[in-house]
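Structure, as structure tokens:
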Amino acid sequence: MNIEQSLNQVVTKAVEEIYAKTPAQGQVQVQKTKKEFEGDFTIVVFPLLKISGQKPEETANKIGEYIKANWQEAQNFNVVKGFLNISVKKTAITETLKKIASNENFGYTPITEKSKKIVLEFSSPNTNKPLHLGHLRNNFLGDSISRILKAGGNNVIKVNLVNDRGIHICKSMLAWQKFSGGETPESSGIKGDHLIGKYYVLFDKHYKQEVADLMAQGQTEDEAKKNAPILLEARKMLQDWEKGVPEVVELWKKMNGWVYDGFDVTYKTMGISFDKIYYESKTYLEGKQYVIDALKKGICQQADDKSVYIDLTADGLDQKILLRSDGTTVYMTQDLGTAALRHREFNFDEHIYVVGNEQDYHFKVLKLVLKKIGFDWADTIKHFSYGMVELPDGKMKSREGTVVDADDLIAEMTDTARQTSQELGKLNEMTAEEQTKTVETIALAALKYFILKVDPKKTILFNPKESIDFNGNTGPFLLYTYARIRSIFRKLDEKNITRQTLSDDFCDIAPAESELVKKFLDFPQAVSDACSMCSPAQIANYVYELSKQYNQFYHDFTIIGETDNQKREFRIILSQTAGKVIKDCLNMLGINVLEKM
């Protein structure tokens with residue numbers, strides 16, 4: 001139990017003994033005292049006035065007197081209106097630091113048999129294009145949220161649904177069939193997912209030209225878009241795929257194989273992994289059967305064109321198509337089947353979909369349709385909706401080729417990290433292998449932190465130049481802070497400085513050192529907040545503030561050169577703890593640390 005938790009308990013006991021009533025959960029509020037007031041911790045008295053029936057000052061003074069008389073860590077107290085400020089003994093700060101430093105799991109909640117089981121879906125790429133900048137935000141958010149939820153004591157299963165079938169896949173297949181001349185990743189030297197993306201863009205180019213030609217012949221724009229021959233061919237290819245026409249299926253397998261090989265390289269570079277990968281081609285039939293069964297039960301209806309829909313107008317939504325008129329399925333159909341399959345497999349307590357806010361409506365419909373067809377667990381489904389990533393020129397469009405590919409962006413960031421690091425002399429005396437690892441780590445830290453430090457609900461305007469900076473609110477700054485701390489321990493070893501045992505009654509602590517210990521106490525709450533909000537930004541903001549505070553301490557205080565053994569040992573433990581908490585935070589953001597920079 002840390003000092004803050006202990007104070008919370010003694011306040012609760014004070015209320016019980018003084019007023020003969022037990023405070024409700026949340027009524028006892030302990031905060032760090034603001035810098036402009038005297039004290040270490042502040043109790044907000046206002047929520048307790050219903051129990052005391054007294055004025056704020058009177059209530060605060062009574063509780064303060066009790067704390068001073070019954071809590072050995074208390075040094076003194078003062079009252080400012082409805083706020084009770086408690087000053088603690090410096091020995092309590094020492095003891096708190098020792099407890100934090102000795103607790104390997106500080107800030108973490110253990111996972112037990114009773115832990116909530118959460119299925120977390122993220123990434124979900126299409127096999128008609130490479131991963132792009134928007135996918136980076138999705139993957140970084142999903143990976144970080146999974147780590148944070150685990151730190152919060154949840155049993156998390158990371159899953160990926162690969163959208164490997166559908167009209168968009170057939171567009172790439174058809175364009176490759178028509179225009180490639182048999183080009184392969186091996187013959188072209190182009191990574192498999194990039195090669196397929198090339199033909200997706202080429203399909204759109206030919207489609208637009210055919211639409212323009214039909215309009216020139218007198219068709220309306222809507223008519224031309226529906227009647228373009230290349231689109232009709234793609235629709236026919238999708239029908240053939242669902243019928244299992246051998247040559248279409250073989251082409252599909254070959255081209256998807258190229259894409260999977262490309263995805264694997266990108267995921268490895270990003271440091272992303274999954275516990276299970278699902279494929280739409282293997283789940284859509286299950287969803288289709290649920291729709292057919294719902295049609296027989298009258299839950300769904302069939303339109304004149306033979307398409308199948310569910311009427312959600314009474315629920316404030318619309319009529320949602322679940323099967324097209326030609327019998328082919330839509331995204332919603334396979335999502336129904338995949339959700340049901342996962343519930344059978346994992347019996348989850350919660351299923352979170354990490355998907356951009358452009359799909360808000362989709363997940364409202366998914367949840368409602370699941371409930372209507374008889375799945376009571378539909379209420380456990382949650383859509384983690386996040387904002388888009390935009391370029392200075394606007395939104396990215398894959399079919400038009402106006403995207404920033406993830407591979408290209410990471411490579412560009414790595415080049416920039418190398419150039420910046422060389423200019424600052426951070427690669428001096430490193431081997432070529434060490435340099436490569438360093439610049440790759442810096443590049444990913446810059447990219448991940450730039451994306452994750454922003455409130456997930458907000459749209460990001462991507463600016464890579466701001467992210468690789470060794471000063472300011474950036475990933476490289478955090479890496480440098482950690483490496484700076486590690487250098488202390490290398491120097492201790494080089495100088496053969498013997499570590500001392502910190503005495504229990506050590507109290508020669510400066511205010512800045514005390515504040516740093518209290519900053520550590522915020523870590524468990526930062527994890528709890530990030531967990532409840534599914535927001536990596538909470539961790540990013542905390543670790544940045546901690547790093548700033550530590551760097552100021554490092555600048556103002558002597559550590560290795562301190563001649564007072566007890567002061568030196570306290571500062572060493574302070575640095576060791578700061579390093580561990582910073583590393584833990586970066587791990588929750590999916591960022592690897594560097595021992596030296």
Side-chain angles (χ1 to χ4, degrees), residues 126-129 132 134 163 165-180 196-243 245 248 251-252 255 280 284 288 291 295 300-313 316-335 356-362 364-366 369 388 390-391 393-403:
N126 295 329
T127 57
N128 64 323
K129 56 191 174 186
H132 55 59
N163 298 294
R165 59 162 296 281
I167 188 66
H168 51 293
I169 309 300
C170 290
K171 289 176 180 179
S172 296
M173 290 166 57
L174 184 64
W176 183 86
Q177 197 176 53
K178 282 178 168 290
F179 311 120
S180 73
I196 302 307
K198 167 185 170 182
Y199 287 99
Y200 184 62
V201 173
L202 192 59
F203 176 94
D204 191 64
K205 177 183 176 182
H206 283 271
Y207 172 66
K208 286 180 176 177
Q209 183 59 55
E210 289 184 359
V211 170
D213 292 343
L214 291 175
M215 289 174 66
Q217 295 170 21
Q219 292 191 21
T220 66
E221 184 177 359
D222 286 344
E223 289 173 338
K225 285 181 175 180
K226 291 178 182 178
N227 297 329
I230 197 168
L231 178 62
L232 297 178
E233 284 186 83
R235 291 198 179 282
K236 175 64 165 54
M237 181 175 276
L238 177 59
Q239 291 174 20
D240 289 344
W241 182 90
E242 292 205 4
K243 291 175 183 176
V245 174
V248 174
L251 176 62
W252 170 78
M255 294 179 67
E280 184 184 349
Y284 83 101
K288 187 173 185 178
V291 174
L295 178 63
C300 292
Q301 290 80 43
Q302 192 162 41
D304 292 340
D305 66 354
K306 302 300 183 183
S307 62
V308 177
Y309 67 93
I310 186 166
D311 190 351
L312 304 175
T313 53
L317 303 177
D318 63 0
Q319 293 182 345
K320 179 63 182 176
I321 296 290
L322 298 178
L323 289 177
R324 298 188 186 93
S325 57
D326 59 7
T328 56
T329 59
V330 296
Y331 274 130
M332 185 62 65
T333 319
Q334 62 87 8
D335 271 348
N357 57 19
E358 291 181 339
Q359 296 296 322
D360 285 352
Y361 187 79
H362 175 89
K364 285 181 183 177
V365 172
L366 174 63
V369 173
M388 295 292 100
E390 294 185 355
L391 300 169
D393 296 332
K395 291 185 178 181
M396 298 179 293
K397 298 179 181 178
S398 299
R399 62 182 176 276
E400 296 174 8
T402 58
V403 299

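Just so you know, these numbers use all the heavy atoms, side chains as well, and skip hydrogens, waters and symmetry mates.
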What's the spacing between [X] [atom1] and [Y] [atom2] if we round to 0.5 Å?
X: Leu174; Y: Ile230; atom1: CG; atom2: CD1; answer: 5.0 Å
X: Lys320; Y: Lys364; atom1: NZ; atom2: NZ; answer: 13.5 Å
X: Leu238; Y: Lys243; atom1: CG; atom2: NZ; answer: 10.5 Å
X: Met255; Y: Asn128; atom1: CE; atom2: CG; answer: 9.5 Å
X: Lys226; Y: Gln219; atom1: NZ; atom2: CD; answer: 11.0 Å

Fill in the blank from the handout: Hits for ring-ring contact (aromatic ring centres under 6.0 Å, His included) against Tyr361, two or more places apart or cross-chain, chain-then-number order -> none
Practice task
Not counting sequence neighbours, which residues clear ring-ring contact (aromatic ring centres under 6.0 Å, His included) with Phe203? List them please.
Solution key: none
Problem - Ser307 backbone acceptor or donor facing Asp305 side chain under 3.5 Å - result: yes
Practice task
Taking side chain to side chain donor-acceptor pair (under 3.5 Å) as the test, write out the residues that go with Arg324, two or more places apart.
Solution key: Thr328
Name each donor-acceptor pair under 3.5 Å that joins a side chain in residues 165-172 to protein atoms two or more places apart or in another chain, with its distance.
from   : atom 1 : to     : atom 2 : distance (Å)
Arg165 : NH1    : Glu280 : OE2    : 2.8
Arg165 : NH1    : Thr329 : OG1    : 3.1
Arg165 : NH2    : Glu242 : OE2    : 2.4
Arg165 : NH2    : Thr329 : OG1    : 3.1
His168 : NE2    : Tyr331 : OH     : 3.4

Problem - side chain to side chain contact (heavy atoms under 4.5 Å, CB included) between Met173 and Val248, worked out - result: CA-CA 9 Å; Met173 290 166 57; Val248 174; 4.1 Å; yes
Is there a side-chain contact between [X] and [Y] in this structure, where contact means two heavy atoms from C-beta onward sitting under 4.5 Å apart?
X: Tyr207; Y: Val211; value: yes
X: Gln334; Y: Asn163; value: yes
X: Asp311; Y: Gln301; value: yes

Measure across [X] and [Y] and return the closest heavy-atom pair with its distance rounded to 0.1 Å.
X: Ile321; Y: Leu323; result: CG2-O, 3.5 Å
X: Leu295; Y: Cys300; result: CD1-O, 3.5 Å
X: Met388; Y: Asn357; result: CE-N, 3.8 Å
X: Ala224; Y: Met215; result: CB-CG, 3.7 Å
X: Leu312; Y: Val365; result: CD1-CG1, 3.8 Å

Problem - Check against side-chain hydrogen bond (donor to acceptor under 3.5 Å, both in side chains), Gln209 and Asp213 - result: CA-CA 6 Å; Gln209 183 59 55; Asp213 292 343; 2.9 Å; yes
Completion exercise
Quick note, ring-ring contact (aromatic ring centres under 6.0 Å, His included) partners involving residues 209-236, not counting sequence neighbours, are none
Exercise for the section: Report the relative orientation of the aromatic rings in Phe179 and His206; use parallel for angles under 30°, tilted for 30 to 60°, perpendicular for over 60°. Expected result: parallel
Handout entry: Partners meeting side chain to side chain contact (heavy atoms under 4.5 Å, CB included) with Lys306 (sequence neighbours left out)
Key = Gln302
Handout entry: Candidate pair Asp222 and Thr220, rule side-chain hydrogen bond (donor to acceptor under 3.5 Å, both in side chains), full reasoning
Key = CA-CA 5 Å; Asp222 286 344; Thr220 66; 5.6 Å; no
Practice task
Any chance you could lay out the side chain to side chain contact (heavy atoms under 4.5 Å, CB included) test for Thr127 and Ile196, step after step, and finish with the verdict?
Solution key: CA-CA 8 Å; Thr127 57; Ile196 302 307; over 6 Å; no
